[in-house]
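Whatever order the structure lists ligands and atoms in, that order sets their numbers, starting from 1. Every heavy atom of this structure was used, including side-chain atoms; hydrogens, water molecules and symmetry mates were not. These figures come from a predicted structure and were not determined experimentally.
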Amino acid sequence: MKIKNICCIGAGYVGGPTMAVIADRCPEIKVEVVDLNKNRIDNWNNKDFDKLPVFEPGLAEIIKKCRGKNLHFSNLIKEKIKEADMVFISVNTPTKTQGIGAGKASDLKWVEACARQVALYSKGHTIVVEKSTLPVRTAEVIKSILEAAQASNNLRIKNTFEVLSNPEFLAEGTAINDLLNPDRVLIGGEKDDAIESLSEIYRGWVPEEKIIKTNIWSSELAKLTANAFLAQRISSINSIGALCETTGADVREVARAIGSDSRIGSKFLDAGPGFGGSCFKKDILNLVYLCEYFGLKEVAEYWEGVVRLNKWHQKRITNLIIKRLFGTLTGKKIVILGFAFKGNTNDTRESAAIQICKDLISEGAVICIHDPKVKLEQIAFDLNMNPFKKEHNKPFDSNIEGTWQSVKDIKKAFEGADAGLILTEWASYKKIDWQAISKVMRKPSWLFDSRSIIDPKTIANTNINFWRIGDGLDY
Ligand code: NAD
Ligand code: UGA
């Protein structure tokens with residue numbers, strides 16, 4: 001079956017960019033992206049491309065090209081499902097907060113709601129594609145909802161469905177490039193004709209040999225496994241970074257040395273403040289839950305260790321800052337550079353910055369947060385605390401403690417500051433003039449670089465003490 005009309009339910013960090021690329025590469029297909037969230041849809045339709053709800057390099061250009069032609073964003077869920085011959089489910093699948101599996105299992109209520117909407121509104125034959133990351137065997141749940149709806153409707157000719165798993169592997173900040181040049185596209189399914197319909201779309205720009213076809217359960221599990229392996233690498237390198245700091249080794253040198261072994265590979269070995277993002281923790285915990293459910297206690301404990309190490313590592317950073325600032329942060333001013341969970345995104349979900357900033361505030365520090373793309377309202381939401389002032393505009397006031405504010409002017413923020421802490425690797429932070437900054441900071445002053453983006457040589461001839469992740473040397 002040749003696909004002419006796609007409907008994607010969920011206009012988030014995956015639905016938006018993924019559908020934009022499909023619309024761009026397959027101009028003959030009409031792509032409708034729908035969402036319950038009116039504000040989000042309004043922003044996808046905003047004339048000002050700086051207001052798109054997702055910041056991704058290259059995304060605005062594609063939206064400019066396709067929006068209003070074969071790419072549309074709306075809240076018309078019912079109507080667009082009805083018209084579609086293929087429906088992507090790209091909704092959020094967060095960790096359950098209550099009930100059985102709370103804290104580990106994925107909450108599938110939004111996926112279930114989508115399946116019910118498709119069951120209600122679709123017409124004729126519809127291919128339903130799981131784009132969201134889902135526990136193994138979720139396709140079975142979707143199928144039973146679709147089939148139950150058919151059994152209870154009294155149409156003479158029943159609607160028909162096929163369910164495919166097509167997990168997304170894009171990383172935020174490089175999403176467009178990842179979508180345009182994927183390492184692989186994974187399609188899991190039971191029926192060849194449905195798999196072929198989806199493959200045909202991807203063949204519009206992805207070489208055939210990169211399209212991997214598997215059974216549906218392997219596809220679902222491969223997505224969780226990929227994220228678990230990636231997160232495991234980060235916990236592994238961060239654990240070695242801690243050891244480097246106590247032994248005089250340098251984690252960058254260790255990473256280079258091990259990464260040149262082709263069996264290990266050089267990517268994803270950057271020590272940092274701990275992994276963030278909406279998926280690593282959630283997907284590993286989901287894997288842990290599945291293992292526990294199936295009685296594989298040792299396997300569950302093995303993977304849970306990756307998340308435990310990450311949590312410990314974030315606390316370790318806060319603790320070493322406290323130690324260097326004479327054991328107390330009360331009333332001390334710390335400038336935080338970067339709040340997003342990684343560079344080139346406005347996403348803060350599970351960002352290491354959230355826990356670290358909360359801990360610094362609870363120790364009494366006054367933190368001035370800078371991020372080129374994250375809005376003040378988002379920071380206030382994540383910290384669950386309003387800023388004491390909207391904008392930093394005056395020198396350090398020693399009566400204030402245990403609070404935060406957002407800053408735009410980095411040099412001004414450093415006036416009277418005791419320390420700076422780099423948490424996100426924004427390129428602009430590499431260009432900061434530390435000579436000039438050192439003149440306005442209170443002494444002794446510190447710079448903590450959890451992302452290794454500052455060359456120690458540029459700090460050497462300033463009055464700033466320097467700490468760098470995974471570095472056993474003193475500067
Ligand atoms: P998101 O929260 O940014 O977007 C999900 C959207 O779905 C929201 O806008 C929400 O309003 C909408 N939604 C929820 N239920 C709905 C319903 N019944 N009808 C219509 N709209 C509905 O989430 P995301 O980051 O895009 O992630 C989506 C899925 O993709 C998750 O399963 C995630 O694990 C997976 N994933 C995410 C990434 C990533 O980088 N963010 C990468 C790969 C896979
Ligand atoms: C990750 C995966 O890389 C994607 O393949 C996957 O599709 C996605 O999760 C998902 O399922 O949501 P993402 O979370 O967007 O993508 O970003 P990553 O580049 O993987 O970074 C995750 C976290 O690890 C960030 O906090 C990042 O700073 C950190 N990281 C990454 C390091 O600390 N060191 C590294 O070497 C790499």
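The main-chain N or O of Glu83 is never found under 3.5 Å from a side-chain atom of Lys123 such that the two would form a donor-acceptor pair. In this structure, the side chain of Asn344 does not engage the main chain of Pro57 through any donor-acceptor pair within 3.5 Å. When atom types are taken as modelled, the side chain of Glu425 and the backbone of Arg451 share no donor-acceptor pair closer than 3.5 angstrom.
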Any protein N/O atoms within less than 3.5 Å of an N/O atom in ligand 1? List the atom names and distances, or say none.
unit_1	atom_1	unit_2	atom_2	d
ligand 1	3 (O)	Tyr13	N	3.2
ligand 1	3 (O)	Arg40	NH1	3.2
ligand 1	3 (O)	Arg40	NH2	3.4
ligand 1	4 (O)	Arg40	NH1	3.3
ligand 1	9 (O)	Asp35	OD1	3.3
ligand 1	9 (O)	Asp35	OD2	2.6
ligand 1	9 (O)	Arg40	NH1	2.7
ligand 1	11 (O)	Asp35	OD1	2.6
ligand 1	21 (N)	Leu36	N	3.3
ligand 1	25 (O)	Arg349	NH1	3.4
ligand 1	25 (O)	Arg349	NH2	2.9
ligand 1	26 (O)	Tyr13	N	3.0
ligand 1	26 (O)	Val14	N	2.9
ligand 1	32 (O)	Thr93	OG1	2.6
ligand 1	32 (O)	Thr133	N	3.0
ligand 1	34 (O)	Thr133	OG1	3.4
ligand 1	34 (O)	Lys282	NZ	2.6
ligand 1	40 (O)	Glu172	OE2	3.1
ligand 1	41 (N)	Glu172	OE2	2.8

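Among residues two or more places apart in sequence or in another chain, the side-chain hydrogen bond (donor to acceptor under 3.5 Å, both in side chains) test is passed with Ser132 by none. Every residue two or more places apart in sequence or in another chain that forms a side chain to side chain contact (heavy atoms under 4.5 Å, CB included) with Val299 is listed here: Cys291, Leu296, Trp303.
Considering every non-hydrogen atom in both Asp371 and Ala340, the closest pair reads OD2-N, 3.0 Å.
Aromatic ring orientation, Tyr202 versus Trp205: tilted (interplanar angle from 30° to 60°). In this structure, Phe55 and Trp426 have tilted ring planes: the angle between them lies in the 30° to 60° band.
Of the charged side-chain nitrogens involved, none lies within less than 4.0 Å of a carboxylate oxygen, so that Asp382 and Lys358 do not count as a salt-bridged pair.
The immediate protein surroundings of ligand 2, defined as residues with any heavy atom under 4.0 Å of it, consist of Glu168, Phe169, Leu170, Ala171, Glu172, Lys223, Asn227, Leu230, Ile234, Phe268, Leu269, Asp270, Phe275, Gly276, Cys279, Phe280, Phe341, Lys342, Arg451.
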